[in-house]
Every structure is written in structure tokens, then in C-alpha cells.
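Reviewing the structure listed below.
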Amino acid sequence: MIFVTLGSQKFQFNRILKEIDYLIEKNVIQEKVFAQIGASTYSPKLYEYKNFLNQNKFNQIMNQSSLVITHAGTGAIITALKSHKKVIAIPRLCKYNEHVDDHQLQILEVFTSQNYIYGITDIKKLEEALIAIKKKNFCEFKSNNLKFLEDLEKELL
């Protein structure tokens with residue numbers, strides 16, 4: 001299953017939802033898709049969705065998924081990586097009224113350059129990303145908090 005999670009920000013991210021409908025209709029995406037669409041105003045036509053999920057339901061769907069498609073927010077990316085999921089991230093962009101600025105471009109660059117995720121900036125490259133990610137191997141993500149605790153433990157011992 002593919003889990004699309006767009007966070008809980010007050011901004012829509014309709015571009016990604018429309019593209020997924022298009023790729024399902026085109027038969028590029030053949031597996032089940034479930035989306036947590038947040039404040040988006042577009043209602044997916046070809047897959048299940050909810051605006052918001054409680055934590056238990058979110059975790060259940062995350063655990064069932066093999067792939068996460070998300071906005072390029074640190075929380076969404078890190079949550080998926082900690083769940084050992086392959087991630088395709090697309091930044092919310094100010095020019096589409098998806099956020100107040102383009103800081104998600106920098107977040108995307110950091111996670112992509114460190115080979116943790118498959119990042120794209122052009123929504124029309126989602127089809128290519130869905131094909132390429134199947135064969136791509138990523139580095140294992142370790143959160144800085146965990147590293148900090150490990151380093152602290154070493155210092156105390």
C-alpha cells in the first residue's frame with residue numbers, strides 16, 4: 001500500500017493528490033493508496049482518504065504501507081524513515097499557496113543528498129520516481145536525538 005500523508009498544516013497540497021489520481025487512472029499506480037490530505041481542498045477520486053487521522057490510525061496505516069509519499073516537512077519524513085519506509089517527498093511551494101515560503105526545498109535537498117529519500121521538485125516526475133524507487137537502496141536513517149543519547153551514554157560510562 002502507498003500512504004500519502006500531507007501533514008496537519010493549514011495549507012492545501014492539491015497538486016500531489018491530483019497527480020496520484022492521474023497516475024492511478026493511467027495504471028502507473030496499481031496498488032492500494034490511502035491519503036491523509038490535511039487541509040487540501042481537492043477530494044481524491046480513485047483512492048481512499050481522510051482529512052486527518054488520530055495517532056493510532058496514522059500508525060496503523062504507516063505500518064501497513066510499503067511506500068510513503070509526503071510533503072517535504074521534517075516531521076513527516078522522519079516519521080516515515082523511523083518506520084523504515086521508502087519515501088518520495090515533494091516540497092510545498094509558496095507560488096502554489098501551499099506554504100508561506102519555500103523552506104521545504106532546503107529540507108528536501110538535505111534528506112535527498114544524504115540518500116535517505118527520493119526527492120522531487122516537479123510533480124510531473126512522480127511517475128518516474130515511483131518506478132525508480134523500487135530499485136533504489138537508501139541509507140538507514142538515525143535521528144539526531146538517538147545519536148545524542150548514544151553519545152551521552154558513552155560519555156557517562
Close side-chain approach of [X] to [Y], heavy-atom, < 4.5 Å:
| X | Y | answer |
| --- | --- | --- |
| Leu6 | Val4 | yes |
| Phe111 | Leu81 | yes |
| Met62 | Ser83 | yes |
| Ile2 | Glu31 | yes |
| Asn97 | Phe11 | no |
| Phe34 | Leu53 | yes |
| Ile24 | Val33 | yes |
| Val28 | Leu126 | no |

Looking at every heavy atom in both [X] and [Y], which two are closest together, and how far apart are they?
| X | Y | answer |
| --- | --- | --- |
| Ile107 | Ala72 | CG2-O, 3.2 Å |
| Leu108 | Pro91 | CD2-CD, 3.8 Å |
| Leu17 | Ala35 | CD2-CB, 4.3 Å |
| Arg15 | Ile90 | NH2-CG2, 4.4 Å |
| Arg92 | His99 | CD-CD2, 3.8 Å |

Inset, instruction - Apply the test side chain to side chain donor-acceptor pair (under 3.5 Å) to residues Asn56 and Gln60: give CA-CA distance (whole Å), side-chain angles for both, the deciding distance (0.1 Å), then the verdict. - result: CA-CA 6 Å; Asn56 288 339; Gln60 177 188 3; over 6 Å; no
Inset, instruction - Determine yes or no for a side-chain-to-main-chain donor-acceptor pair under 3.5 angstrom, with Gln12 supplying the side chain and Tyr42 the backbone. - result: no
Legend entry - N/O donor-acceptor pair under 3.5 Å between Ser113 side chain and Val110 backbone: yes
Inset, instruction - With sequence neighbours excluded, tell me which residues meet side-chain hydrogen bond (donor to acceptor under 3.5 Å, both in side chains) with Asp101. - result: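 Per chain and number, Asp101 pairs via side-chain hydrogen bond (donor to acceptor under 3.5 Å, both in side chains) with His103.
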Inset, instruction - Could you list the residues that satisfy side-chain hydrogen bond (donor to acceptor under 3.5 Å, both in side chains) with Thr70, not counting sequence neighbours? - result: none
Can [Y] be reached from [X] by stepping across I, L, V, M, F, W or Y side chains whose heavy atoms are under 4.5 Å apart?
| X | Y | result |
| --- | --- | --- |
| Ile61 | Ile16 | no |
| Leu67 | Ile117 | no |
| Leu46 | Ile20 | yes |
| Val87 | Ile120 | no |

[atom1]/[X] to [atom2]/[Y] distance, rounded to the nearest 0.5 angstrom?
| X | Y | atom1 | atom2 | value |
| --- | --- | --- | --- | --- |
| Lys86 | Ser65 | NZ | OG | 13.0 Å |
| Ser40 | Gln9 | OG | CD | 11.5 Å |
| Ile133 | Ile131 | CD1 | CD1 | 12.0 Å |
| Glu128 | Asp122 | CD | CG | 9.5 Å |
| Lys125 | Tyr118 | NZ | OH | 8.5 Å |
| Asn14 | Glu19 | CG | CD | 13.0 Å |

Legend entry - Apart from Tyr96 itself, residues in the same hydrophobic cluster as defined by side-chain heavy atoms under 4.5 Å: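 Tyr96 clusters with Leu93, Leu105.
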Inset, instruction - Flag yes if more than 12 heavy atoms outside Glu25 fall under 6.0 Å of its CD atom; otherwise flag no. - result: no
Under 6.0 Å from the six-membered ring centre of [Y] and within 45° of its axis: does the NZ or CZ of [X] meet both?
| X | Y | value |
| --- | --- | --- |
| Lys136 | Phe138 | yes |
| Lys45 | Tyr49 | no |
| Lys124 | Tyr22 | yes |

Legend entry - side-chain contact (heavy atoms from CB on, under 4.5 Å) between Val68 and Ile88, intermediate numbers included: CA-CA 6 Å; Val68 174; Ile88 296 173; over 6 Å; no
Inset, instruction - Can you label the angle between the Phe141 ring and the Tyr116 ring as parallel, tilted or perpendicular, going by 30° and 60°? - result: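 If you compare the ring of Phe141 with that of Tyr116, the planes turn out perpendicular.
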Legend entry - Charged N-O contact under 4.0 Å between Glu127 and Lys26: yes
Legend entry - ring pair (Phe, Tyr, Trp, His ring centres under 6.0 Å) evaluation trace for Phe58 with Phe3: CA-CA 10 Å; Phe58 182 94; Phe3 183 26; 5.2 Å; yes
Legend entry - Residue pair Glu98, His71: steps toward the side-chain contact (heavy atoms from CB on, under 4.5 Å) verdict: CA-CA 10 Å; Glu98 296 164 345; His71 65 108; over 6 Å; no
